[in-house]
Amino acid sequence: MKKLFLVLTVIAGFLSCSNESKEATYLNESSDGVLNFIYKEIPYSSSYILNMDNTITLQNIDANRIYQQLQELPELATVIDGDVVKFFDNYVEYQKTIKVVDGGLTKAIGDVCRWSITAFTSVEYKGVREVHSGVGEVTYSCNKVSYDNNWGSMTLFRESPGTSHNCIFTFYDNGDCGGHSLTFTLSGENTQENKMIRDLRGYVRSTFGRDWDNKISSFRIQWIVN
C-alpha cells in the first residue's frame, strides 16, 4: 500500500552525546490516525479522515477549522521541535517566541558550533548530493540552494560542545527566505545531534496536499538560547 505521509505527531527522540543518527518520521495511514499540533499556544488533538487527494479532514470540528485555515496561509510556518509540531501565521511570529544568540556571542562560540546539511535530489537519500556547512558566526544570512526546488531528502547535523544552544534549520519555498517555511530544532542538550528526513513528502507545506518535496529554494541557520 502506498504510504501517504502527513504533518502529524513526530516520532523522534534526542540522541545521546554520539554521532548516531535518528530519523525524523511522522504518522501515516498505518498509524492511529490522530493529529496533534499547537497554534497560538493552544494544543489541538483529533482523529482524522484521509481524503483521496492526500489531504486530511479532522473529526474534531474546532481543530479541523483551525487546521484548514492554517493550510491557506501564504507564509505558514511549521516548526518541528522534538516531538511537538507548532504552527505560526508566518516566520516572523515564530521569531517572537525564541531568543536568537546575538552576533558577538555567536562569534565567540563559532569555532565550536558547527552545522551541516546534506541534501539529495531524491527520497531515501538518493540522487545528486548537495552539501552545505558552516559555523555559527556565518549562519544568519539567507542561503540559496544549488539544485533549486529539487530536494527530496536530507540529513541535518549540529555540534556545539561547551554550550547548550539549540540550532534551528529553517527552509523556505521562496529563494529569498520567504513564503512558507519549515523549521527543525536540533537540541542543545547533547554535544552532537543528527536528524534524518528521508522523504520530504512527509511534510505538508500548504493546502491541497502540497508537500515539501522539490520545493526548498533557500534556508537559514540560527543558534538560539536553549
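Residue indices begin at 1 and follow the sequence shown. For the numbers below, each heavy atom of this structure counts, side chains included, while hydrogens, waters and symmetry mates do not. The shown structure was predicted, so the numbers you read here are calculated from the model rather than taken from an experiment.
- Phe184 and Met154 get closest at one heavy-atom pair: CE1-CE, 4.0 Å.
- Taking CH2 of Trp151 as the reference point, atom CG of Leu200 lies at 9.0 Å (rounded to 0.5 Å).
- Rounding to the nearest 0.5 Å places CD of Glu75 at 11.0 Å from CD of Glu93.
- When all heavy atoms of Gly175 and Lys144 are compared, the closest pair comes out as O-CE, 3.2 Å.
- Side chain of Ser218 to backbone of Cys142: no donor-acceptor contact under 3.5 angstrom is found.
- Rounding to the nearest 0.5 angstrom, the gap separating the OG atom in Ser133 from the CH2 atom in Trp115 is 6.5 Å.
- Rounding to the nearest 0.5 angstrom, the gap separating the CG atom in Leu156 from the CD1 atom in Ile117 is 6.0 Å.
- A donor-acceptor pair is defined here as one N or O able to donate and one able to accept, closer than 3.5 Å; no such pair exists between the side chain of Glu130 and the backbone of Val145.
- Looking at Asn166, its side chain never comes within 3.5 Å of a backbone N or O of Thr185 through a donor-acceptor pair.
- Looking only at side-chain heavy atoms (C-beta outward), Asp89 and Tyr39 come within less than 4.5 Å of each other.
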Discussion item. The test is ring pair (Phe, Tyr, Trp, His ring centres under 6.0 Å); show your working for Tyr44 and Phe87 and say whether it passes.
Written reply: CA-CA 11 Å; Tyr44 296 89; Phe87 292 119; 9.8 Å; no

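- Ile80 has its side chain within reach of Leu182: a pair of non-hydrogen atoms, C-beta onward, lies under 4.5 Å apart.
- Judged purely by atom type and a 3.5 angstrom limit, Asn143 uses its side chain to pair as donor or acceptor with the backbone of Ser141.
- In plain terms, the two heavy atoms of Trp223 and Arg158 that are nearest each other are CZ3-NE, 4.1 Å.
- Residues Ile66 and Ile42 form no side-chain contact, since every pair of their non-hydrogen atoms from C-beta on lies 4.5 Å or further apart.
- When all heavy atoms are compared, the tightest approach of Asn64 to Leu58 is OD1-N, 2.8 Å.
- Side-chain atoms of Val85 and Asn36, non-hydrogen and from C-beta on, never get closer than 4.5 Å to each other.
- Atom OG1 of Thr170 is separated from atom CD1 of Ile221 by 7.5 Å, given to the nearest 0.5 angstrom.
- Using a 4.5 Å cut-off on side-chain heavy atoms (C-beta onward), His132 and Phe219 make contact.
- Using modelled atom types and a 3.5 Å distance limit, the side chains of Ser217 and Asn174 yield no donor-acceptor pair.
- Annotation for Glu124: atom CD counts as buried by contact number, over 12 foreign heavy atoms lying within 6.0 Å.
- Counting all heavy atoms, side chain and backbone alike, Ser153 lies closest to Asp199 at CB-N, 4.3 Å.
- Using a cut-off of 4.0 Å between Lys/Arg side-chain N and Asp/Glu carboxylate O, Asp213 and Arg205 are scored as not salt-bridged.
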Practice prompt. Could you go through the side chain to side chain contact (heavy atoms under 4.5 Å, CB included) check for Thr183 and Phe88 one step at a time?
Written response: CA-CA 11 Å; Thr183 299; Phe88 297 86; over 6 Å; no

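- Between Tyr172 and Tyr91, some side-chain heavy-atom pair lies under the 4.5 Å cut-off.
- In summary, the side chains of Tyr203 and Thr78 do not present any donor paired with an acceptor at a separation below 3.5 Å, with no hydrogens or angles considered.
- In this structure, Asn90 contributes its side chain and Val92 its backbone to a donor-acceptor pair below 3.5 Å.
- Side-chain atoms of Arg65 and Gln69, non-hydrogen and from C-beta on, do get closer than 4.5 Å to each other.
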Practice prompt. Go through the steps for Thr97 and Val79 under the test side chain to side chain contact (heavy atoms under 4.5 Å, CB included), then give the verdict.
Written response: CA-CA 12 Å; Thr97 69; Val79 178; over 6 Å; no

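- Distance check: Leu76 CG to Ser181 OG gives 7.0 Å after rounding to the nearest 0.5 Å.
- For the pair Phe169/Lys195, no side-chain contact is recorded, criterion being any heavy-atom separation below 4.5 Å from C-beta on.
- Here the side chain of Ser46 pairs a donor or acceptor atom with the backbone of Gln59 at under 3.5 angstrom.
- Note: the hydrophobic cluster containing Ile197 does not contain Val123 (ILVMFWY, side chain heavy atoms under 4.5 Å, direct or indirect links).
- When every heavy atom of His180 is checked against every heavy atom of Trp212, the shortest pair comes out as O-CH2, 3.3 Å.
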